[in-house]
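Presented below is the structure to which this report refers.
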Amino acid sequence: MEVYKSLLREYGPQGWWPVGGSYFPKDDSPFEIAAGAVLTQNTTWKNAEAALEGLRKGLLNPDALIEIEFSKLAGIIRSSGYYNQKALRLKEISLYFKKSVERGGTPDRSSLLRVRGIGPETADSILLYAFHIPVFVVDSYTRRIFNRLGMLTGNETYDTIQALFMNELPRDEILYNEYHALMVKHGKEICRKNPICDRCVLRRKTICSYTPSVVH
DNA sequence: ATCCAGGCGTTAT
DNA sequence: ATAACGCATGGA
């Protein structure tokens with residue numbers, strides 16, 4: 001919670017939610033959010049967004065994505081990278097939504113994880129952003145930041161890290177949403193692969209134990 | 001030119 | 001069980 005407060009004070013609310021965010025705006029349908037979650041896997045949101053834009057003309061629903069020819073879909077989402085894998089994953093998710101979600105259900109985590117192409121982070125992103133269920137999303141930035149803070153060792157599993165956060169923090173959708181967004185911001189701009197520790201609010205508070213492995 | 005981005009499934013240890 | 005590896009485009 002101390003880290004969260006520092007990041008929030010430094011960067012302010014990121015606006016991923018409730019309204020005005022450019023990532024998963026509130027008025028997007030759950031299916032669109034799920035599609036976006038797949039398209040952005042290991043890829044910048046910019047590239048994913050371009051792919052999403054290509055789908056925006058009538059293709060952002062399960063029926064359309066089930067119908068469309070595979071290679072055509074792959075071509076449309078080309079800009080998101082891994083387009084063959086992601087085309088398959090979009091089709092799998094479409095089947096899942098048509099079967100389980102479209103008639104009223106909120107998905108549960110274990111059923112999401114059975115879908116080909118939905119791993120823990122994508123599942124949790126869908127639960128949090130599309131269905132407003134308070135689950136903490138762990139991503140590579142979370143790992144990197146907390147490794148450098150000395151609060152993780154680097155060999156924890158996804159579920160272990162998630163449990164650490166969720167046991168420590170109140171189960172609050174908005175808090176998890178904002179915290180995740182702030183870590184993306186901090187991870188991208190400051191706690192990068194090559195970090196700019198001089199500008200890091202966490203280091204100034206001497207929480208951070210990161211020391212560059214190669215010092216010139 | 002080289003490196004990396006809000007991972008995941010498969011295949012090798 | 002867990003560590004490597006392939007997947008691929010676009011921008012810095």
Side-chain angles (χ1 to χ4, degrees), chain A residues 3-4 7 11 13-17 21-25 28 32-55 70-96 109-130 135-148 152-162 165 173 175-196 212-214:
Chain A
V3 171
Y4 173 74
L7 294 176
Y11 301 118
Q14 296 303 294
W16 284 23
W17 187 89
S22 54
Y23 289 84
F24 294 133
D28 285 350
E32 177 167 347
I33 292 169
V38 167
L39 290 171
T40 197
Q41 286 169 355
N42 203 40
T43 307
T44 59
W45 178 256
K46 191 173 184 202
N47 287 354
E49 172 64 32
L52 210 49
E53 202 52 45
L55 297 175
F70 179 89
S71 58
K72 188 167 184 176
L73 175 56
I76 292 170
I77 63 170
R78 180 180 176 281
S79 69
S80 69
Y82 308 122
Y83 49 77
N84 287 311
Q85 287 187 349
K86 286 176 179 177
L88 179 59
R89 291 173 184 186
L90 287 179
K91 280 183 167 291
E92 296 282 332
I93 283 189
S94 298
L95 292 173
Y96 173 81
R109 194 170 191 270
S110 56
S111 72
L112 279 171
L113 289 173
R114 273 181 241 122
V115 180
R116 206 75 144 179
I118 298 184
E121 184 186 341
T122 304
D124 290 335
S125 295
I126 292 170
L127 291 171
L128 180 64
Y129 291 105
V135 288
F136 195 90
V137 176
V138 177
D139 65 3
S140 54
Y141 292 132
T142 308
R143 293 171 179 276
R144 186 162 73 204
I145 292 167
F146 277 79
N147 285 343
R148 287 173 174 169
L152 292 175
T153 63
N155 57 335
E156 293 89 351
T157 65
Y158 183 101
D159 289 343
T160 300
I161 297 172
Q162 183 184 49
F165 278 92
E173 176 208 350
L175 170 65
Y176 293 171
N177 190 321
E178 193 65 61
Y179 205 158
H180 179 58
L182 286 166
M183 283 203 274
V184 170
K185 171 96 171 168
H186 186 65
K188 265 185 181 158
E189 296 185 0
I190 305 297
C191 200
R192 316 183 302 199
K193 186 136 214 165
N194 254 306
I196 312 174
S213 52
V214 181

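So you know, we letter chains A, B, ... as the sequences are listed, proteins then strands, and number each from 1.
Remark: the separation of the C1' atoms in C:dA4 and B:dG6 is 22 Å, to the nearest Å. Nucleotides C:dA8 and B:dT11 are separated by 15 Å at their P atoms, to the nearest Å. With both ends at atom C1', the span from C:dC7 to B:dA5 equals 14 Å, rounded to whole Å. Here, B:dC8 and C:dG11 have their C1' atoms 23 Å apart, quoted to the whole Å.
The interatomic distance linking A:Arg143 (CZ) with B:dA5 (C1') rounds to 16 Å, in whole Å. The CD1 atom of A:Ile93 sits 12 Å away from the C1' atom of B:dG7 (whole-angstrom rounding). Distance, A:His186 NE2 to B:dG6 P: 15 Å, rounded to whole Å. Going from atom NZ of A:Lys46 over to atom C1' of B:dG6 covers 17 Å, rounded to whole Å. Taking atom CD on A:Glu189 and atom P on B:dG6, their separation rounds to 11 Å, with Å as the unit. Between the CH2 atom of A:Trp45 and the P atom of B:dC4 there is a distance of 23 Å, rounded to whole Å. Summarising the geometry, the separation between CD1 on A:Ile118 and C1' on B:dC8 is reported as 11 Å, rounded to the nearest angstrom. As a whole-Å value, the separation of A:Arg144 CZ from B:dG7 P is 10 Å.
Residue order along DNA chain B, read from the 5' end via each residue's closest nucleotide, puts A:Asn47 first among A:Gly119 and A:Asn47.
Between A:Tyr158 and A:Glu121 the shortest heavy-atom distance is OH-CA, 3.6 Å. Residue A:Leu73 comes nearest to A:Ala87 through the heavy atom pair CD2-O, 3.6 Å, listed as atom of the first residue, atom of the second, then distance. A:Pro195 approaches A:Arg148 most closely through the heavy-atom pair CB-NH1, 3.5 Å.
Using a 4.0 Å heavy-atom cutoff across all strands shown, A:Asn155 reaches no nucleic acid atom at all. A:Tyr141 comes within 4.0 angstrom of the backbone, heavy atoms only, and of no base. Among the atoms of the strands shown, only primed sugar atoms or phosphate atoms (P, OP1, OP2) are found under 4.0 Å from some heavy atom of A:Val115.
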I'd like to know whether A:Ser111 forms a side-chain hydrogen bond (donor to acceptor under 3.5 Å, both in side chains) with A:Tyr96, so could you lay out the CA-CA distance, the side-chain angles of the two residues, the decisive distance to 0.1 Å, and finally the verdict.
CA-CA 9 Å; A:Ser111 72; A:Tyr96 173 81; 2.8 Å; yes
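Legend: residues meeting side-chain hydrogen bond (donor to acceptor under 3.5 Å, both in side chains) with A:Asn42, ordered by chain and number and at least two apart, are A:Tyr82.
Side-chain atoms of A:Tyr179 and A:Thr142, non-hydrogen and from C-beta on, never get closer than 4.5 Å to each other. No side-chain heavy atom of A:His186 sits less than 4.5 Å from a side-chain heavy atom of A:Tyr141.
Electrostatic pairing of A:Arg109 and A:Asp159 counts as a salt bridge here, judged by a charged N lying under 4.0 Å from a carboxylate O.
For the pair A:Ser79 (side chain) and A:Asn47 (backbone), a donor-acceptor distance under 3.5 Å is present.
Ring centroid separation for the pair A:Tyr4 and A:Tyr176 does not come in under the 6.0 Å cut-off.
Of the side-chain N and O atoms in A:Arg192, none sit less than 4.0 angstrom from OP1 or OP2 of B:dG6.
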Under-3.5 Å N/O pairs linking protein and nucleotides 10-13 of chain B:
unit_1, atom_1, unit_2, atom_2, d
B:dT10, OP1, A:Arg116, NH1, 3.3
B:dT10, OP1, A:Arg116, NH2, 2.4

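Reading DNA chain C from its 5' end, the first and the last nucleotide to sit under 4.0 Å from a heavy atom of chain A are C:dG6 to C:dG11.
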